2 protein chains.
Amino acid sequence: MNLGIAIFPPKNIQDLANSFRKRYDPRYSLIAPHITIKEAFEANEDQLPEIVQYLRQVAQETEPIPLHIYKVSHFHPTNNVLYLAIKEEPLLTALHNKLHEPPLMHERKYPFVPHITIGQEMSDDELHDVYGRLRMKTFEFTFTATRFHLLYQLENEAWTTYETFLLGQKV
Amino acid sequence: MNLGIAIFPPKNIQDLANSFRKRYDPRYSLIAPHITIKEAFEANEDQLPEIVQYLRQVAQETEPIPLHIYKVSHFHPTNNVLYLAIKEEPLLTALHNKLHEPPLMHERKYPFVPHITIGQEMSDDELHDVYGRLRMKTFEFTFTATRFHLLYQLENEAWTTYETFLLGQKV
């Protein structure tokens, strides 16, 4: 099965992101607006217990993470993805790195640029047009991530949450 | 915000349910296939900590729940909903009841009939036609629910998981 790990921002930011995704993101209905901290990776169901145990340990060792959305940006020409950009944050980078160590090793296709996608698979023209309009606006939000989610993908490509991991909870 | 509480069945059952929902459930893309154990209810964000604390306690007190899908059924004429029916299970009923006690009190519109919706808002003709075909087939699945999810609803009516609660974990 395909697994992935993500942080869901607060509801107001998800609602804002969806107001753009509805128009500009064909994958809009497959998952709520999110910050991917580990891209989709393949695992067998019998590997889940080990993965979950590792994620619990990582979550316990990680303090809640302050996050700061500060602008709209895009990955053109690598990818015609439009996104809300999140300021580099050492705690988030450290979490991302731990999610790419054994038993969660796998190749990273791109450097880690934390973001919330608000458009993808856009034509060059549409991307530049929408980005041109949105870059004039202010996008400033701060929030504290207190949890991350392990998700799995269904056959229709939609994602379901398997488990939530609370940051910094000593249990 | 609107909150709801649900159990997601295993991936293979979600995939099966989606194969019908894709055609017969206009709310298909808003949530993964699930067993509702508490219908949508209104709460303020500042009530969340109390709700979460209560749910943790309920989850700890509840053993994993064996569930048995045994047939296709429908709620016609009350509701033109087609569903996978789940055998009555005292542990599940007890959990449902605890989720309707303070601080989670609210009116129950219908008696609790555990089910996984595979079609809704169907015309009478379509419901009878599809039900007539599916009732000839065998739907037999057993699984153990090890967790439930607290969800919240976005402005586009889609649901995001807030937190997972593991059953019977003494922490």
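Letters go in sequence order (proteins before strands), and every chain restarts at 1. Basis for what follows: all heavy atoms, side chains included, without hydrogens, waters or symmetry-related copies. Note that the structure is predicted; figures quoted are calculated from it, not measured.
Contacts of B:Phe165 with chain A are absent, with no heavy-atom separation under 4.5 Å from either backbone or side chain.
The environment of A:Glu45 atom CD is sparse: at most 12 non-hydrogen atoms of other residues, nucleotides or ligands sit within 6.0 angstrom.
The distance from the OG1 atom of B:Thr164 to the CG atom of A:Leu166 is 8.5 Å, given to the nearest 0.5 Å. Within the model, atoms OG1 of A:Thr160 and CD1 of B:Ile31 stand 9.0 Å from one another, a figure rounded to the nearest 0.5 Å.
By the criterion of side-chain heavy atoms lying less than 4.5 angstrom apart, applied directly or through intervening Ile, Leu, Val, Met, Phe, Trp or Tyr residues, B:Leu92 is grouped together with B:Leu104 in one hydrophobic cluster. Side-chain heavy atoms closer than 4.5 Å link hydrophobic residues (I, L, V, M, F, W, Y) into clusters, and following such links, possibly through other members, connects A:Ile35 to A:Leu55. Placement of A:Leu30 and B:Leu30 in two distinct hydrophobic clusters is found when ILVMFWY residues are connected by side-chain heavy-atom separations under 4.5 Å, directly or transitively. Under the 4.5 Å side-chain heavy-atom criterion for Ile, Leu, Val, Met, Phe, Trp and Tyr, B:Ile116 and B:Tyr131 are members of the same hydrophobic cluster. At a threshold of 4.5 Å between side-chain heavy atoms, the hydrophobic network of Ile, Leu, Val, Met, Phe, Trp and Tyr places B:Phe112 and B:Ile65 in one connected group.
Below 4.5 Å, heavy atoms of chain B meet heavy atoms from A:Arg147, A:His149, A:Tyr152, A:Gln153, all part of residues 134-153 of chain A. At a heavy-atom separation below 4.5 angstrom, chain A is approached by B:Phe8, B:Pro9, B:Lys11, B:Gln14 within residues 7-14 of chain B.
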